[in-house]
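These numbers come from the heavy atoms of this one structure, side chains and all, not from hydrogens, waters or symmetry mates. Along the sequence shown, residues carry numbers from 1.
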Amino acid sequence: MIALVMRSATAMRVASLSSGLGESVRSPAARASLGVGLTALLALFATAAVEAIARDGTADVREFLTSTARPGMTTIVMLTVLMLSLDAVLGRRFISALIVLPLVLVPAFVSNQKQHYLSDPLYPSDVLFGRQIMELLPVMVRDRPGTAVALVVGIALSVIGAYFAWRYAWRHFPKLSANARVRRLCIGLPMIAAFGSLMDYSKYSYIRDRLQVVPMMWDQKENYRSNGFVLAFIFNIPMADVATPAGFGTQALDAIPARNYGYLSGPREKPDVIMLMSESFWDPTRLKTLTLSPDPMPAVRAAQSGHVFSPEFGGMTANVEFEALTGFSNAFLPYGSIPYQQYIRRDIPSLATFFRGEGYTSRSLHPFSGWFWNRNEVYKDFGFEEFRTEENMPPMRKRGIFASDDSLMKEIMSEADGMDRPFFFFAVTLQGHGPYEPNRYGHNTVEIQGNLDDADRATLATYTQGVREADDSLKMLMDWAEKRPRETIIVLWGDHLPPLGNVYMSTGYMPDQVATRKASVSIMKQEHETPLVIWSNRKGSKKDVGTISPSLLPYHLLKFAGFEHPYYTGFLGRVQRKYGVIDRYQLIARDNTPSPDWVLKPKTLDPLVRDYRYLQHDIMFGKGQTLDRFFPQHAWLHPEGT
């Protein structure tokens, strides 16, 4: 932020230089050329600065700017044209720098900071949950107080500097004549329109092809590295517009067979169901260079059914939740999108509507604000009858600054004991949320032995104690369920690996702080698997589930509970027999055979996966033509027009 003030000063020096040189240059054409040249230098400076900030260093900035593929030069020309046009609109040379520089530098800084916590750069959709970032600021301040103070001071100085810079610029930057303004706009506006046309990555662009700019929407890290922050960010703007799959239509939907996909039936005695998505729950004993004593998760280990392959790392909880509740997949949606924020705008079939159709009470619980991830609205669209949040739940005991898992389990037990009819509860815990500041719990009961520096050891100790307490809370819930006369099924899994900072690198578990998005099956599983428990007080644990995507959880839950359903056990049953993981970068078959980059090969796409995508698109974005056949309960609960 402080640098922005300095850059504004740089812009003023350039303007003063231009003014001085302009007075000594008599030819209008020469003065105009000088102005364009200096503006291009500002654009070059802005592009280099943006890349250095976004990439967290200057290692490959020069290569980006000089590459024979020309995204670097394209960015410079684009910013030059934009600044020249803004100067024409405002009537003063170089004044656009005070708008454009902050406009590109601040998002680059935010992207840099985001990548310290999550594995992805900044996307346009991130602006949709700015309020959530503000809500988490106390946690970030507590984790990095020095950075927080510097940030506040930097923002204050930047605002003051921007005010005086703008004041100085308006008084001293050279004015443009009316003819010069018209000439700039006549040239600049058509060029801006041409640049706008090449930004739609889903359509062929002759200009983009000549410039050798290739949007890489299937691999966003490479997209941002190859095309630079500015172009890659712009390429992602249209991602809210989900393209219709090739071949999609009424005929294709009617051709998806519903027969033999499972008939609507259920057990004579309907079990109660509790689904628990445990925040950042993972097995820290996988860090093989360390020894943890005692085992921090004995209850989960004894009852473990398999693993969930999380499509996310360190965050984006809502995307995992979306898959687990709907049986749909993020693999069929634009990379970087958040369905809860962008796409859920109408009634969508979910486990909540399924269980309500079976006579259940469907309720969701989360000990945090209901607006977070837009859950207040999404849960209504999913068919939950009630959403219990910190606003309408009894006060909960805190562990650190978050509600404890123990308190949430007690609230679940209390509400369940008051139910007369079968219930489906879906709960998202909070205690395990990062960052994992030292001494969050005061006393840690798990000893960590091995080579680890003090800071990393303190982070891991806090996280591991949270795992121990999450495991204890599950044991308490299972002990309660053991005494219930009605069958009670508990499903628990971790939404993603925790953001442990340098711990992964220090122990050799991963080469970076964040998981990779594209690697071999073994590495992907190592960096994306979280524990899964599917357990019943009558039948014990469901074993040998293997590693599955969250979207396949509905199948395993309903099968275990004794239900049959055209989509959740029928269609998903066919999918799970062939594939364990449906990920954007590769399908992983039950025998661990990978199909990498399958999204790039639509002509050879497995018809089963194609139909999976068709069904999802029809329900989320189409006319819902398959509702009656594949989601009968939803069709009953939400008849057309009501």
Peer 1: Indicate yes or no: does Arg484 engage Asp272 in a salt bridge with an N to O separation below 4.0 Å.
Peer 2: yes

Peer 1: Please report the closest heavy-atom contact between Phe630 and Tyr567, naming both atoms and the distance.
Peer 2: O-CB, 3.3 Å

Peer 1: Pairing donors with acceptors under 3.5 angstrom, does anything connect the side chains of Glu312 and Ser310?
Peer 2: no

Peer 1: Counting heavy atoms not belonging to Asp544, are there more than 12 under 6.0 Å from its CG?
Peer 2: no

Peer 1: Side chain of Arg440, backbone of Pro435: donor and acceptor closer than 3.5 Å?
Peer 2: yes

Peer 1: I'd like to know if Asp283 pairs up with Arg301 as an ion pair, taking the criterion as any Lys NZ or Arg NE/NH1/NH2 lying under 4.0 Å from an Asp or Glu carboxylate oxygen.
Peer 2: yes

Peer 1: Do the charged groups of Glu482 and Lys475 touch, with an N to O distance under 4.0 Å?
Peer 2: no

Peer 1: Measure across Phe563 and Thr569 and return the closest heavy-atom pair with its distance rounded to 0.1 Å.
Peer 2: O-CG2, 3.6 Å

Peer 1: Is the number of heavy atoms from other residues, nucleotides or ligands under 6.0 Å of Lys623 NZ greater than 12?
Peer 2: no

Peer 1: Any carboxylate oxygen within less than 4.0 angstrom of a Lys/Arg side-chain nitrogen, looking at Glu415 and Arg363?
Peer 2: yes

Peer 1: Consider only side-chain N and O atoms of Asn319 and Tyr340, and report whether a donor and an acceptor are under 3.5 Å apart.
Peer 2: no

Peer 1: Can a donor-acceptor pair be found between the side chains of Glu469 and Gln431 at a distance below 3.5 Å?
Peer 2: yes

Peer 1: Without hydrogens or angle criteria, can the side chains of Ser549 and Ser551 be said to hold a donor-acceptor pair below 3.5 Å?
Peer 2: no

Peer 1: Between Phe402 and His433, is the ring centroid distance below 6.0 Å?
Peer 2: yes

Peer 1: Do NZ/NE/NH1/NH2 and the carboxylate oxygens of Asp405 and Arg399 come within less than 4.0 Å?
Peer 2: no

Peer 1: Going by distance alone, is a donor N or O of one side chain under 3.5 Å from an acceptor N or O of the other, for Thr317 and Asp495?
Peer 2: yes

Peer 1: Filter on salt bridge (Lys or Arg N to Asp or Glu O under 4.0 Å), then keep only pairs touching residues 521-541, sequence neighbours left out; what's left?
Peer 2: Glu269-Arg538, Arg286-Glu529, Glu487-Lys539

Peer 1: For Trp493, run the side chain to side chain contact (heavy atoms under 4.5 Å, CB included) check against Val533, Leu553, Leu276 and tell me which one passes.
Peer 2: Leu553

Peer 1: Hey, which of Thr353, Leu325, Val378 is the one that makes side chain to side chain contact (heavy atoms under 4.5 Å, CB included) with Phe384?
Peer 2: Leu325

Peer 1: Do side-chain atoms of Ser305 reach the backbone of Ile534 as a donor and acceptor pair under 3.5 angstrom?
Peer 2: yes

Peer 1: Would you say the ring centers of Tyr360 and Phe424 fall short of 6.0 Å from each other?
Peer 2: no

Peer 1: Answer yes if the side chains of Glu386 and Ser364 hold a donor-acceptor pair under 3.5 Å, and no otherwise.
Peer 2: no

Peer 1: Taking the six-membered ring for Trp, are Phe631 and His565 parallel (under 30°), tilted (30 to 60°) or perpendicular (over 60°)?
Peer 2: tilted

Peer 1: Between Ala303 and Met478, which heavy-atom pair has the shortest distance, and what is it?
Peer 2: CB-CE, 4.1 Å

Peer 1: Give me the atom names and distance for the closest heavy-atom approach of Leu333 to Phe322.
Peer 2: CD1-CE2, 4.1 Å

